[in-house]
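Okay, so here's the structure we're looking at.
The figures that follow rest on heavy atoms only: side chains count, while hydrogens, waters and symmetry mates do not.
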Amino acid sequence: MLRPFYLLLFKIFGWKINGAMPVGMKKYIIAVGPHTSNWDFPVGLAARSILRIQDAQFLGKSELFVPPFGWIFRALGGHPVDRKSSHDVVEQVVQIFERHEKFILGLAPEGTRKKVDKLRTGFYFIAKGAGVPIVPVGFDFKRKEIVVGAPLYPKEVGKDMETILAFYKTIHARNPELALG
């Protein structure tokens, strides 16, 4: 519904899409990075519409889902996560994948907009537990492009995380001083 609007905004601001989402794949995780700015969210909404994955869901900190604006994040496909306690979020999300015939989940491997020393591994273990691939996506603010990488099927955490990190090293964050690396 908003796709023409987002296409127009991308054209006006000079953004483009480099790559495409998997065709015919009903379940996967979109790992979006680097996550360094509040601008990542509106850019992500636009990209989701332009790439025709409007039904992609996302996880967000539970504080976003309280009144008065919590309903907006839920309506956009958000699911709150309590980051202050361990409620075995990985297993809960794996079960969501198992209950649905089609489920696409977008999340930020850093888990925050703050500077981190390494990626969190929850997204990886959700994908491995659910038997779904990870599609790395980068928001490159310097080149003004959304970069879609090849799907990665989790096999060996060390090597796979190196592959994912190598992908993100080519992406220019909105706030480079907060990017991993």
Exercise. Going by heavy atoms in the side chains, are Ile126 and Phe97 under 4.5 Å from each other?
Worked result: yes
For this session: Can you measure from CD1 (Ile146) to CD1 (Ile171) and round to the nearest 0.5 angstrom?
Result: 9.0 Å
Problem set entry | Sub-4.5 Å side-chain heavy-atom contact between Val147 and Val137 | no
Exercise. Shortest non-hydrogen contact from Pro34 to Tyr168?
Worked result: N-CD2, 4.3 Å
Exercise. Are the side chain of Lys128 and the backbone N or O of Lys155 linked by a donor-acceptor pair below 3.5 Å?
Worked result: yes
Exercise. Just by distance, do the side chain of Thr170 and the backbone of Ala166 share a donor-acceptor pair under 3.5 Å?
Worked result: no
Problem set entry | Student check: side-chain heavy atoms of Val135 and Val148 closer than 4.5 Å | yes
Exercise. What residues, two or more places apart in sequence or in another chain, satisfy ring-ring contact (aromatic ring centres under 6.0 Å, His included) together with Tyr6?
Worked result: none
Problem set entry | Lys26: side chain to side chain contact (heavy atoms under 4.5 Å, CB included) partners, not counting sequence neighbours | Glu101, Lys102
Problem set entry | Pairwise side-chain contact, Ile53 with Ile30, heavy-atom cut-off 4.5 Å (strictly under) | yes
Problem set entry | Partners meeting side chain to side chain contact (heavy atoms under 4.5 Å, CB included) with Phe125 (sequence neighbours left out) | Val90, Thr121, Val157
Exercise. Tell me, do Pro154 and Ile134 make a side-chain contact under 4.5 Å, heavy atoms counted?
Worked result: yes
Problem set entry | Neighbour count >12 (heavy atoms, 6.0 Å) for atom CZ, Arg52 | no
Problem set entry | Lys16 (side chain) donor-acceptor with Arg143 (main chain) under 3.5 angstrom | yes
Exercise. Where do Phe41 and Phe58 land on the ring-ring contact (aromatic ring centres under 6.0 Å, His included) test, with the steps shown first?
Worked result: CA-CA 10 Å; Phe41 188 71; Phe58 63 91; 5.5 Å; yes
Exercise. Looking at CG of Leu8 and CZ of Phe13, how far apart are the two atoms once the value is rounded to the nearest 0.5 Å?
Worked result: 9.0 Å
Exercise. Distance from Ile164 atom CD1 to Lys159 atom NZ, nearest 0.5 Å?
Worked result: 14.5 Å
Exercise. Any side-chain heavy-atom pair from Pro22 and Tyr28 closer than 4.5 angstrom?
Worked result: yes
Exercise. Can you tell me how far CD of Glu91 sits from CD of Glu98, rounded to the nearest 0.5 angstrom?
Worked result: 6.5 Å
Exercise. Do Ile17 and Phe10 have side chains that get closer than 4.5 Å, going by heavy atoms?
Worked result: yes
Exercise. Atom CG in Leu2, atom CG in Leu45: separation rounded to 0.5 Å?
Worked result: 9.5 Å
Seminar exercise, completed: By side chain to side chain contact (heavy atoms under 4.5 Å, CB included), Phe141 pairs with (sequence neighbours left out) Trp15, Trp39, Asp40, Val43, Phe139, Arg174
For this session: Using modelled atom types only, decide if a donor and an acceptor are shared between the side chain of Asp140 and the backbone of His172 within a distance under 3.5 Å.
Result: yes
For this session: Could you tell me which residues satisfy side chain to side chain contact (heavy atoms under 4.5 Å, CB included) with Lys11, sequence neighbours excluded, listed by chain and number?
Result: none
Exercise. Stepwise, does the side chain to side chain contact (heavy atoms under 4.5 Å, CB included) test hold for Leu105 with Val93?
Worked result: CA-CA 9 Å; Leu105 178 65; Val93 178; 3.6 Å; yes
Sequence neighbours excluded and cut-off under 3.5 Å, please list the side-chain donor-acceptor pairs for residues 70-80, or say none.
| from | atom 1 | to | atom 2 | distance (Å) |
| --- | --- | --- | --- | --- |
| Trp71 | NE1 | Pro68 | O | 3.2 |
| His79 | NE2 | Gln57 | OE1 | 2.9 |

For this session: Please answer whether the main-chain N or O of Ala46 pairs with a side-chain N or O of Ser49 as donor and acceptor at a distance below 3.5 Å.
Result: no
For this session: Find the distance between CE (Met21) and CD1 (Ile50) and round it off to the nearest 0.5 Å.
Result: 13.0 Å
